[in-house]
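Counting convention: from 1, in listed order, for ligands and their atoms alike.
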Amino acid sequence: MFITFEGLDGAGKSTQIGRLKARLEAAGRTMVSTREPGGTPVGDSLRHILLNSEAEAVAPKTEALLYAASRAQLVAQVIEPALTAGKDVICDRYVDASLAYQGQGLELGEQGVAAINQFATGGLRADITFLFDVTVATSRERVENSRIGQPLDRIEQRDNAYFHRVRDEFLRLAKLEPDRIVVLDASNHPDDLEEEIWHHVEKRLPVNKII
Ligand code: TYD
């Protein structure tokens with residue numbers, strides 16, 4: 001199973017990724033958990049260019065291509081080999097993030113961003129995606145509180161209008177693909193979110209593989 005987590009920064013994805021991983025392992029599944037941008041040596045170098053606030057201006061199309069390049073490397077080096085070996089993969093962000101942050105956030109449009117990602121991933125799609133929905137105000141507040149004494153990264157420095165476009169696009173994608181994208185209210189208690197996520201994952205597990 002290929003599971004992705006999406007949402008604005010500060011929505012609490014990392015906590016839930018850890019909890020889901022533990023539950024899948026307890027159910028006897030072999031897991032690989034990774035993140036974007038990054039997850040490979042090449043991807044980590046691209047992550048540095050993309051997020052380093054000192055980096056010189058990166059043009060919007062360059063940004064979309066670099067995220068797609070990091071993704072292509074991750075698919076080839078980590079995700080596909082793991083799925084082929086029968087492992088489950090959890091990825092912190094995937095193609096939906098580019099459609100939201102670059103396609104709509106940067107106003108590059110859906111078509112071009114979808115096309116470069118189709119090329120980058122060879123069309124590999126997540127089986128299930130958890131969208132952590134949080135208001136822009138809450139996301140901003142959580143990010144700023146977590147970065148005390150540290151500069152915001154290149155993406156985090158963008159204005160509220162940018163993040164409204166990102167959130168709206170995530171929600172639009174969820175409406176288009178309700179069978180794949182599960183929208184979670186990220187303001188719920190972490191224990192409740194864990195149960196909700198597990199409910200959706202468990203029912204997709206092959207019955208004979210649950211211990
Ligand atoms: P993330 O790893 O979630 O941030 P952090 O390490 O600060 O928790 O994501 C890094 C940033 O990259 C985040 O602001 C979202 C952005 N991003 C895109 O703009 N497009 C993409 O395709 C991806 C994967 C991430």
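For atom 18 (C) of ligand 1, the nearest non-hydrogen atom of the protein is Y67 CZ, 3.2 Å. In terms of protein heavy-atom proximity, atom 13 (C) of ligand 1 is closest to D9 OD1, 3.5 Å. Summary of contacts: the protein heavy atom closest to atom 20 (N) of ligand 1 is Q102 OE1, 2.8 Å.
Each of the atoms 10 (C), 11 (C), 12 (O) of ligand 1 lies under 4.0 Å from some heavy atom of L51. For ligand 1, the atoms sitting less than 4.0 Å from at least one non-hydrogen atom of I155 are 14 (O), 19 (O), numbered in the order shown with element in parentheses. Here is the list of ligand 1 atoms found below 4.0 Å of a heavy atom in E156: 7 (O). Contact atoms of ligand 1 toward S98: 21 (C), 22 (O) (distance under 4.0 Å to a heavy atom of the residue). The ligand atoms of ligand 1 that sit less than 4.0 angstrom from a heavy atom of R71 are 21 (C), 22 (O), 24 (C).
Between the side chain of N188 and the main chain of L193, no donor-acceptor pair closer than 3.5 Å is present. Using modelled atom types, one side-chain atom of S70 and one backbone atom of G38 make a donor-acceptor pair closer than 3.5 Å. Formation of a donor-acceptor pair under 3.5 Å by the R35 side chain with backbone atoms of D92 is not found in this model.
Salt-bridge annotation for R19 and E195: absent, with no side-chain N of the basic residue lying under 4.0 Å from a carboxylate O of the acidic one. With respect to E25 and K21, a salt bridge is recorded, a charged nitrogen being found less than 4.0 Å from a carboxylate O.
Remark: R71 is positioned above the aromatic ring of Y94, its terminal NZ or CZ atom under 6.0 angstrom from the ring centre and at most 45 degrees off the axis.
Using cut-offs of 30° and 60° for the angle between ring planes, the Y101 and Y162 rings count as tilted.
In terms of polar-atom proximity, defined here as any N/O pair under 3.5 Å, Y94 makes no such contact with ligand 1. In terms of N/O distances under 3.5 Å, ligand 1 is not approached by D92.
When R47, R93, R35, K13 are ranked by how near their heavy atoms come to atom 2 (O) of ligand 1, first place goes to R47.
No more than 12 heavy atoms of other residues, nucleotides or ligands lie within 6.0 Å of CZ in R125, so this atom counts as exposed by the packing criterion.
The side chain of R147, and not its backbone, has at least one atom closer than 4.0 Å to an atom of ligand 1 (non-hydrogen atoms only; side chain from C-beta on).
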